[in-house]
Amino acid sequence: MKEVHVFNAGPCLLPRQAIEAASDALKDFKGTGVSLLSISHRTKEWDETMDECRSLWKELLHIPEGYETVFLGGGASLQFLLVAMNYLEKKAAYLDTGVWASKALKEAKGLGDAYAIASSSDRNYTYVPKGFSIPSDIDYLHVTTNNTIYGTELKTDIESPVPLIADMSSDILSRPVNVSRYALIYGGAQKNAGPAGVSFAIIRKDSLGKVSRHIPTMLDYRVHLDKLSMFNTPPVFSIFVMSETLKWLKSSGGVEAIHEKNVRKADTLYAEIDRNPLFRGTACKEDRSLMNVCFVLSDGYESLQDDFLTFAKERGMIGLKGHRLVGGFRASLYNACTQEDVEALVACMREFEKLRG
Ligand SMILES: *Cc1c(COP(=O)(O)O)cnc(C)c1O
């Protein structure tokens, strides 16, 4: 196979081990003689996968008693609506740190008085607002911990006097999280936890049931909790691959160990961006994301944009084009991306500097 280095922002690179387990299971799921795509989800073999997946989440993130993890379809985007449906009675505050945060807020606006408590839109979301005070008369505060498009990250678990809800789509399982600070943590799996087609929600059970509206069955977190994510047919393939991805993470030392590796990867790339006169980072240094590294060409070199992308592509670098709202480049260093991948990118940037600098 062609040697490549995958920096896609999502769906993400997945560990080889998970891909291989999935391709085996496609042919024969756990020795049943039936493909994973045709098994009944009402069997002992499937229940085992589901249980294993739930308990791996619990173990890897040290999820405390009183919480349960559910797996859903519809992506993080559908959960924007579920959050408001299940938690918004009158008033909710959202930290506006980018497009995903704004989309979450938009869904809530239809259901109550939802507003942005602080925003970094004044500088194209290149930083995370700080120093805002959290009112006590709101139903919840919503944050987006990693801003995939802009490469900023809220690295602390806020201490909040009201229920704290977080979209952790793109940094879940990349660093330790104090789950007990949150009423709900949710996200799409395809940025760091698994393939597309499934999303997760880690729910503090006693945080539900506080709103008076009628909640449609499929939008009610309590239904999915009660039915252990099996109210309707779950996305079996996606859940299987997620479960294998979590197994790989566990065998690689868990979240604490991968966090150390992620810090090293990000440090390596940011150091090169800061050193190389051709490039500059776009996110404010103290808020730089470990997962999505955004950079552009320095002043005077902007015309080299397409040249660098072609140059990098010829050297096997995949997925470096920045999001259209930021431009330039974005290297996503999710868990399965290795230090070697990052070193290859750095070597490529140095080579480009020699040629064009
Ligand atoms: C990608 C992304 C989403 C949207 O996820 P879908 O599963 O595609 O709906 C939401 N929030 C963040 C932070 C993301 O990176």
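Atoms within each ligand, like the ligands themselves, are counted from 1 in listed order.
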Check ligand 1 against [X] and write out every atom of the ligand that is under 4.0 Å from a heavy-atom position of the residue.
X	answer
Asn146	13 (C)
Gly75	7 (O), 9 (O)
Ser169	10 (C), 11 (N), 12 (C), 13 (C), 14 (C)

Would [X] and [Y] count as having a side-chain donor-acceptor pair, cut-off 3.5 Å?
X	Y	answer
Ser207	Tyr87	yes
Asn124	Thr126	no
Tyr94	Tyr140	yes

In the protein, what heavy atom is nearest to [atom], and what distance, to one decimal place, separates them?
atom	answer
atom 15 (O) of ligand 1	Thr148 OG1, 2.4 Å
atom 5 (O) of ligand 1	Ala76 CB, 3.5 Å
atom 9 (O) of ligand 1	Ser77 OG, 2.6 Å
atom 2 (C) of ligand 1	Lys191 NZ, 2.5 Å

Less than 4.5 Å apart, any side-chain heavy atom of Lys103 and any of Val99?
yes
If you group Ile, Leu, Val, Met, Phe, Trp and Tyr by side-chain heavy-atom gaps below 4.5 Å, do Leu246 and Ile185 land in one group?
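Yes: a chain of side-chain contacts under 4.5 Å links Leu246 to Ile185.
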Does Gly74 reach ligand 1 with a nitrogen or oxygen that is under 3.5 Å from one of the ligand's nitrogen or oxygen atoms?
no
Please compare Leu78, Asp167, Thr144 and report which has the shortest non-hydrogen distance to atom 10 (C) of ligand 1.
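Minimum heavy-atom distance to atom 10 (C) of ligand 1 goes to Asp167.
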Any salt bridge between Arg356 and Asp307, counting N to O under 4.0 Å?
yes
For the pair Glu20 and Arg16, find out whether any cationic side-chain nitrogen is under 4.0 Å from an anionic carboxylate oxygen.
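Between Arg16 and Glu20 there is a salt bridge, with a charged N closer than 4.0 Å to a carboxylate O.
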Counting heavy atoms only, which part of Phe80 comes closer than 4.0 Å to ligand 1: side chain, backbone, both or neither?
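Under 4.0 Å from ligand 1, Phe80 contributes side-chain atoms alone.
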Could a heavy atom of Gln190 be found less than 4.0 Å from some atom of ligand 1?
yes
So is Thr145 close enough to ligand 1, meaning a heavy atom under 4.0 angstrom away?
no
Parallel, tilted or perpendicular, judged at 30° and 60°: which one describes the rings of Phe29 and Phe240?
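Geometry flag for Phe240 against Phe29: perpendicular rings.
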